Amino acid sequence: IYRGQTALEIQLTAGEDITGATALIKYKKPDGSIGSWPAEITDAINGVIRYQIESVNDIDIVGNWVFWTDITFVSGKWVPGEPVKEHIYEPGE
């Protein structure tokens, strides 16, 4: 994955049935800032969510990023997912 890449889809699995829930993909950048993207639930039974990168600014810093699911169920209960670490490279590296 490269800084500024837009032909990219991030897909994560919550590991449980998330039918009716709302989902985010949260991230922590190498500079320590935390943010999120709205996620599409593509397989509710298996807890699969995705986000299609939309802008060169979505992945804007080189280094180690952390991504995780953020699920809020219809009942209002909330659960974060297991973090996934991914290194982002400078184009040409």
Side-chain angles (χ1 to χ4, degrees):
I1 300 173
Y2 295 95
R3 181 186 56 79
Q5 182 175 340
T6 55
L8 176 67
E9 176 182 289
I10 296 176
Q11 181 173 293
L12 299 172
T13 302
E16 61 187 287
D17 186 340
I18 58 173
T19 300
T22 57
L24 298 171
I25 291 180
K26 294 199 86 173
Y27 57 81
K28 183 176 182 182
K29 296 181 180 188
D31 67 3
S33 61
I34 294 175
S36 64
W37 298 304
E40 175 188 357
I41 297 173
T42 58
D43 181 348
I45 300 288
N46 294 304
V48 180
I49 65 173
R50 73 175 198 94
Y51 174 73
Q52 176 65 49
I53 298 297
E54 297 177 352
S55 165
V56 296
N57 297 318
D58 282 351
I59 304 288
D60 60 351
I61 299 177
V62 171
N64 294 317
W65 287 57
V66 181
F67 301 97
W68 66 94
T69 61
D70 184 282
I71 307 297
T72 302
F73 295 95
V74 175
S75 65
K77 292 186 178 185
W78 165 82
V79 64
E82 191 170 328
V84 175
K85 296 177 183 175
E86 195 68 47
H87 187 80
I88 306 303
Y89 294 90
E90 185 67 33
E93 285 188 355

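Everything numeric in this text was worked out from a predicted model, so none of it was measured.
The two residues Ala23 and Ile71 make their nearest non-hydrogen contact at CB-CD1, 3.6 Å. The shortest heavy-atom contact between Lys26 and Ser36 is CG-CB, 3.9 Å. Residues Leu24 and Pro38 approach most closely at CD2-CA, 3.8 Å, considering heavy atoms. Looking at every heavy atom in both residues, Thr6 comes nearest to Gln52 through O-NE2, 3.5 Å. Nearest heavy-atom pair across Tyr2 and Ile88 is C-CG2, 3.8 Å.
Residue Ile49 is tested with Thr42, Ile18, Ile10 for a side-chain contact (heavy atoms from CB on, under 4.5 Å); the sole match is Ile18. Only one option out of Tyr51, Trp65, Trp68 pairs with Tyr27 in a ring-ring contact (aromatic ring centres under 6.0 Å, His included); it is Trp65.
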Note to self: Let's go through Arg3 and Val62 carefully: what are the C-alpha distance in whole Å and the side-chain angles of both, what is the deciding distance for side-chain contact (heavy atoms from CB on, under 4.5 Å) to 0.1 Å, and is it a yes or a no?
What the structure shows: CA-CA 6 Å; Arg3 181 186 56 79; Val62 171; 4.0 Å; yes
The test is side-chain contact (heavy atoms from CB on, under 4.5 Å); show your working for Thr69 and Thr13 and say whether it passes. CA-CA 7 Å; Thr69 61; Thr13 302; over 6 Å; no
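Panel note: side chain Asn46, backbone Val48; no donor-acceptor pair is recorded below 3.5 Å.
One hydrophobic cluster, built from ILVMFWY side chains closer than 4.5 Å, cannot hold both Tyr89 and Leu8; they sit in different ones. A single hydrophobic cluster is seen to contain both Leu12 and Val79, as judged by linkage of ILVMFWY side chains at heavy-atom distances under 4.5 Å, directly or through other members. At a threshold of 4.5 Å between side-chain heavy atoms, the hydrophobic network of Ile, Leu, Val, Met, Phe, Trp and Tyr places Ile61 and Val66 in two separate groups.
Expressed to the nearest 0.5 Å, how far CG of Asp58 lies from CD of Gln5 amounts to 11.5 Å. Going from atom CD of Glu86 over to atom CG of Asn64 covers 9.5 Å, rounded to the nearest 0.5 Å.
Heavy atoms from other residues, nucleotides or ligands lying under 6.0 Å from NZ of Lys28 number 12 at most.
Remark: Glu82 engages no residue in a salt bridge (Lys or Arg N to Asp or Glu O under 4.0 Å) (not counting sequence neighbours).
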